[in-house]
There are 2 protein chains.
Amino acid sequence: MRGKVGPATMREVAERAGVALTTVSRAFSNPDKLSPDTLRRIADASAELQYTVNLSARSLRKRSSGMLLVLLPDIGNPFFSLVLKGIEEGAREGGRVLLIGDTGSDATLADAYAGQLDAGTVDGMILIDGRVPFPHGSPARARLMRAPVVALSEHVDDPSIPFVGIDNRAAGRDVAHLLADLGHRRLGHIAGPAANGLTTLREQGFAEGARERGCDLLGTATGDWSIGSGQAAAADILSWPHRPTAIFAANDEMAIGAVHALAAAGVSVPGELSVVGFDDIDFAAVGSPALTTIRQPRFAMGRAAVEAVTARIEGRTTAEPARILPFERVMRASTGPLGSGQTAAGRG
Amino acid sequence: MRGKVGPATMREVAERAGVALTTVSRAFSNPDKLSPDTLRRIADASAELQYTVNLSARSLRKRSSGMLLVLLPDIGNPFFSLVLKGIEEGAREGGRVLLIGDTGSDATLADAYAGQLDAGTVDGMILIDGRVPFPHGSPARARLMRAPVVALSEHVDDPSIPFVGIDNRAAGRDVAHLLADLGHRRLGHIAGPAANGLTTLREQGFAEGARERGCDLLGTATGDWSIGSGQAAAADILSWPHRPTAIFAANDEMAIGAVHALAAAGVSVPGELSVVGFDDIDFAAVGSPALTTIRQPRFAMGRAAVEAVTARIEGRTTAEPARILPFERVMRASTGPLGSGQTAAGRG
DNA sequence: TTGTACGCGTTATCAG
DNA sequence: CTGATAACGCGTACAA
């Protein structure tokens, strides 16, 4: 007498619709090959039973799950929000769903997540944390390399994995040029964490651009992308024997933290010190002063990344090794020409 | 001659380790019940083959997947970042993984995601978008109600679903009291989208608190939680015939937008107008002026929510109908006593 | 166009 | 403590 508990199965739908199990299965994969009448009966039966395909079973059978795994270092970083929206939208259009792994930059954890790909639980993987799971040379790594994987935003050390993102080095150079064009000659940098690929590229580019324009890169303070680390870095910079007239923070959060610390220390921005950020997150536009920054096409990056994995999943050979998207200068109020503000205490 | 392609299976591990398939299975679920020697051989074999359990198969068999589904309206909203971190951490500790569904507040989409729960693809669900999937009274809804589901941050219309979050009405009242204590009597409000439960609660609470202290709530401008909508709302408020001396924005982003628009319009904050936000996102602390706001314990909320679903999943009857966490006033520079700034142009 | 039969990789049950 | 065997729900040759 006890009724069934779980959701309906195909067999139940089949019985109710008066067709064979197979037919129901086909109704969900190859609807075109069924007679309209049969299809309708199945649709009705499914609706009445509120039937949903069991994804575990389908996935076991098809060796594919309709899931995309996204590995990122910190879901709390607002930079990722729009990127994820782009990925989400693209995945949805492709009928796939997102599994998000926040690795906290922990390799063991990342490997654990990646095991899902290896186990066939997910169809493809987007790496936003700059690291390829599994030790180089291991069988698991080898298998990973044959799977649909793309690196987003940050390069990974394996060149055979397609990359989607901007040219970070060029962007770093551009910041130096921008500052040089404003007349600045003494530059400072707030870098991201040392081991990070983005940190390196932006810093190298910045140094290169400075050199090209005959500017002095007075020094580099190291942060960890967070607002707080930007504040600390700014305090550090203020203690340097030779103070720069402009600083470039490798992301907006550190730039915002720096601006805040500078204001607290009574240093006017951009009057005494110009500040440039990176990413153009939403809050960059509404700070005071609003932040000059480099805009990354975050949403488009997300879309491009899904497109790339999807292509590989479906066997389309769009195997471009890299998809470099354009970045963009966004000039706002946190930068000004050299000496603009040194004269007076401020301009009201 | 063609080698196998996919990852190793239990059978292969079993063969290599010289044990039965069943034994390998047990090694991964009940390791305690195996002899150390057997366990070791299986461990070795697994390592050599880089074996990973196939989660689809396990999930099919166990009718549970080790996944938690999180439904949220907008992954781009920084409020969710820390909440998600809390959920993530809790899920991980429980050996579970996160499936994140960004519904964009779209009911159809939410239902599609929720179907996964129904199909047993996910073990539990955390609703952060204030809506229970599936029409009231439908079989699917009925099944959902028996599944481990909790509402986080925003109440849902079904009282039988446990809630985790703060008392938003009380928080709204508190803001009014806070402002009244500073001497303000003419208040304005920037509300969230009309259909939203959070909007209603905070607005009602604010109105209530204002009434209690004999303040006039001059009007309410409606936003959509975004920075831009806060800017627009502020512009609107400036056009009111009677201008308030303090406004409460229902979240920090709108508050930040408002402060920005106010500054652009030459209105000093808090000199001429005090502004209070809600949530205490990271950026609230580093704006200029830094934002007075109500802090929600975002991380703890996430943790509490996983704890609640996990309890239900594991059959522990911690079936509290609600888990109300404390909010906290955070006084910063965007509020000041009435009239503090009306006298002079500013205080250097 | 529709139905039959088998297997995907695991876990649970029951013996040994 | 260990092993054989039967499902779990679905997709896909193959046959009709």
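Proteins get letters first, then strands, A, B, ... in listed order; numbering begins at 1 in each. The figures that follow rest on heavy atoms only: side chains count, while hydrogens, waters and symmetry mates do not.
Each of D:dC10, C:dT11, C:dG9 was ranked by its minimum atom distance to the side chain of A:Arg58; first place goes to D:dC10.
Summarising the geometry, the separation between CG on B:Asp32 and C1' on D:dC1 is reported as 13 Å, rounded to the nearest angstrom. Atom CZ of B:Arg61 and atom P of D:dT5 are 16 Å apart (whole Å). C:dC8 atom C1' lies 8 Å from atom CG of B:Asn54, rounded to whole Å. The CE-P distance, from B:Met10 to D:dA4, rounds to 16 Å in whole Å. To the nearest angstrom, C1' of C:dT10 lies 8 Å from CG of A:Leu60. Summarising the geometry, the separation between CZ on B:Arg11 and P on C:dT10 is reported as 11 Å, rounded to the nearest angstrom. Note: CD (B:Glu15) to P (D:dG3) measures 13 Å, nearest angstrom. Between the CG atom of B:Leu55 and the C1' atom of C:dG9 there is a distance of 11 Å, given to the nearest Å.
With salt bridges taken as basic N to acidic carboxylate O contacts below 4.0 Å, none links A:Arg16 and A:Glu12. Between A:Asp106 and A:Arg131, none of the side-chain N atoms (NZ, or NE/NH1/NH2) sits under 4.0 Å from a carboxylate O, so this pair counts as no salt bridge.
Within the nucleic acid shown, B:Ala20 comes within 4.0 Å of sugar-phosphate atoms alone, with no base atom in reach, counting heavy atoms only. Residue B:Ser29 is out of contact with every strand shown, counting any heavy-atom pair closer than 4.0 Å.
Residue A:Arg63 has no polar side-chain atom (N or O) positioned under 4.0 Å from OP1 or OP2 of D:dG11. Taking 4.0 angstrom as the limit, A:Tyr51 places a side-chain polar atom (N or O) nearer than this to OP1 or OP2 of D:dC10. Checking the phosphate oxygens (OP1, OP2) of D:dG11, a side-chain nitrogen or oxygen of A:Ser25 falls inside 4.0 Å. An OP1 or OP2 oxygen of C:dT10 is reached within less than 4.0 angstrom by no side-chain nitrogen or oxygen of B:Ser56. For A:Ser35 and C:dT2, the shortest distance from a side-chain N or O to OP1 or OP2 is below 4.0 Å.
If A:Val24 and B:Leu34 are placed on DNA chain D by their nearest nucleotide, the residue sitting closer to the 5' end is B:Leu34.
Between the side chain of A:Arg26 and the base of C:dG3, a donor-acceptor pair under 3.5 Å is found. Between the side chain of A:Thr23 and the base of C:dT1, no donor-acceptor pair under 3.5 Å is found.
Once rounded to the nearest 0.5 Å, the distance linking OG of B:Ser29 with CZ of B:Arg58 reads 7.0 Å. Distance CG/B:Asp102 to OG/A:Ser81: 10.5 Å, rounded to 0.5 Å.
Between A:Asp158 and A:Ser160, the side chains place a donor N or O and an acceptor N or O closer than 3.5 Å (distance only, hydrogens not considered).
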